[in-house]
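Take a look at the structure below.
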There are 2 protein chains.
Amino acid sequence: MSQHTAYTASRSPEFALLGFLAAGPPTHGYDLHRRLTDELGQVWHASQSQTYAILARLEARGLVCSTVVEQARLPARRLLELTPAGRAQFEAWLAAPTGASIRAIRVDFITRLYFAARLHPELAPGMVQVEINAARAVLHDLQTDLAATPAVEQRFNRLALELRIRQLSAVIDWLNTCTIPEGDSHATSGPPALP
Amino acid sequence: MSQHTAYTASRSPEFALLGFLAAGPPTHGYDLHRRLTDELGQVWHASQSQTYAILARLEARGLVCSTVVEQARLPARRLLELTPAGRAQFEAWLAAPTGASIRAIRVDFITRLYFAARLHPELAPGMVQVEINAARAVLHDLQTDLAATPAVEQRFNRLALELRIRQLSAVIDWLNTCTIPEGDSHATSGPPALP
DNA sequence: GGAATATACTCATCGAGTGAGTAGCTGGAG
DNA sequence: CTCCAGCTACTCACTCGATGAGTATATTCC
């Protein structure tokens, strides 16, 4: 299909950076890094140099292209623009379901929601439901694994599995709160109550 | 204190490998990799070559030393042994509290419990309690962050924070199950109940 | 006898991530 | 009015994480 295998849990904010370019006018690395830390700072953590490295790779792969723009007094900017290939990859990533690992949901899925809200807001509720179903399936697998793990020799693998099960259950609870219509979001529903 | 800054959430199984050497006789990379995947496979995932790379780095840092042992018919083994420096670092890591991030607990903390159970079983309950307190403190910080995050412009940072809060709460619940005395572990307490 | 699996390790390559550096401009405190 | 902090904008060097393929012999099982 595409040159690259799949969208299974990218571990760098490359699609977030593509997304800023897909959802707005061409801009430069410094600004993209600022927006990443301002608007998705609880989701992604990339240093400035890391951001530039990712952008260089995206350009090497032909997903963005750049032109250097001199400025009167400030340093020159490398203005970045999405290529058609870049836009296609981004849209494909946005449409594909997130892998149901916990990290993937915390990071990729929230990013997808963020850009869906800006580009295709009508798709968001369906995305949440797809994730819920995927997470339920993974939860079931984990419980099967747990049942197949002997209590004595594998005590610590069991502990790890039990923790993952609890975490995934928490994810599903959280996903259920994401389906609440976002119209009057701040009025009635408080943050998740905790004792 | 030591040459390296701190034990804040190592992201490779280096201490697990040191631990196998600390808790047993000298052995070789192939065996260490097998034990890592068999006994802590739900905690760490390292390819074989990754394991060898880590061991090479540990040797370069002087934490292990190696001697090549020829065998009659099978490939030669590089027999690995903990140096005094390596043992000291491992014991220091075992005694230091795990950083309270979710990943750190799922990975580092379970590993510490695993080796504590083998080397200093009397310390385990205290370790759990220390983690619970640390996690409660982090939870409090997250809730403070959430309260300080505006609902409108920062909607997705809020979502991420809410998820982290739920996950950390799940971690604390799980930690509380770890304090149950491990004598009659398999009899009464089932796995975490899930609807 | 031939395929699969086990033993034991090596190498090349790429991406993640850090930290420091460069260098001119702007705004406010003293 | 001057100096320093901080902003704008990007670069470089380096280490570690991670994958995948390769090497070469030995046993096991059908």
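Bear in mind the structure is a predicted one, so any value in this text is a computation, not a measurement. Lettering follows sequence order; numbering is per chain, from 1.
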Please determine whether a side-chain nitrogen of the Lys or Arg among A:Arg34 and A:Asp31 lies less than 4.0 Å from a carboxylate oxygen of the Asp or Glu.
yes
Counting only side-chain nitrogens and oxygens, does [X] get under 4.0 Å of the OP1 or OP2 atom of [N]?
X: B:Arg11; N: D:dG17; result: no
X: A:Gln71; N: D:dT8; result: no
X: A:Ser12; N: C:dG15; result: no

Expressed in angstrom and rounded to an integer, what is the separation of [X] atom [atom1] from [N] atom [atom2]?
X: A:Leu58; N: C:dA16; atom1: CG; atom2: P; value: 10 Å
X: B:Phe15; N: D:dC16; atom1: CZ; atom2: P; value: 13 Å
X: B:Leu74; N: C:dT7; atom1: CG; atom2: P; value: 9 Å
X: A:Leu63; N: C:dG15; atom1: CG; atom2: C1'; value: 15 Å
X: B:Glu14; N: D:dA18; atom1: CD; atom2: P; value: 12 Å
X: A:Arg78; N: D:dC10; atom1: CZ; atom2: C1'; value: 9 Å
X: A:Gln50; N: D:dC16; atom1: CD; atom2: C1'; value: 12 Å
X: B:Glu70; N: C:dC9; atom1: CD; atom2: P; value: 11 Å

The reported gap from CG in B:Leu63 to CZ in B:Arg87 (rounded to nearest 0.5 angstrom) is 12.5 Å
When rounded to the nearest 0.5 Å, the distance separating CD1 of A:Ile105 from CZ of A:Arg112 is 10.0 Å
So salt bridge (charged side-chain N to carboxylate O under 4.0 Å, His left out) across residues 64-76 of chain A, not counting sequence neighbours, yields none
Between A:Tyr52 and B:Pro75, whichever has its closest DNA chain D nucleotide further toward 5' is A:Tyr52
Closest to the side chain of A:Ser49, out of C:dG17, C:dA20, D:dC16, is C:dA20
| task | Go through the side-chain N and O atoms of B:Arg78 and B:Ser66 and say whether any donor and acceptor fall under 3.5 Å apart. | result | yes
Walking DNA chain C from its 5' end, the first of B:Leu79 and A:Arg73 to be reached, judged by nearest nucleotide, is B:Leu79
Per the under-4.0 Å heavy-atom filter, residues of residues 16-48 of chain B near DNA chain D come out as B:Ser47
Does a sphere of radius 6.0 Å around NE2 in A:His140 hold more than 12 heavy atoms from other residues, nucleotides or ligands, not counting ones at 6.0 Å or beyond?
no
Taken in chain and number order and not counting sequence neighbours, the residues that satisfy salt bridge (Lys or Arg N to Asp or Glu O under 4.0 Å) with A:Glu14 are A:Arg61
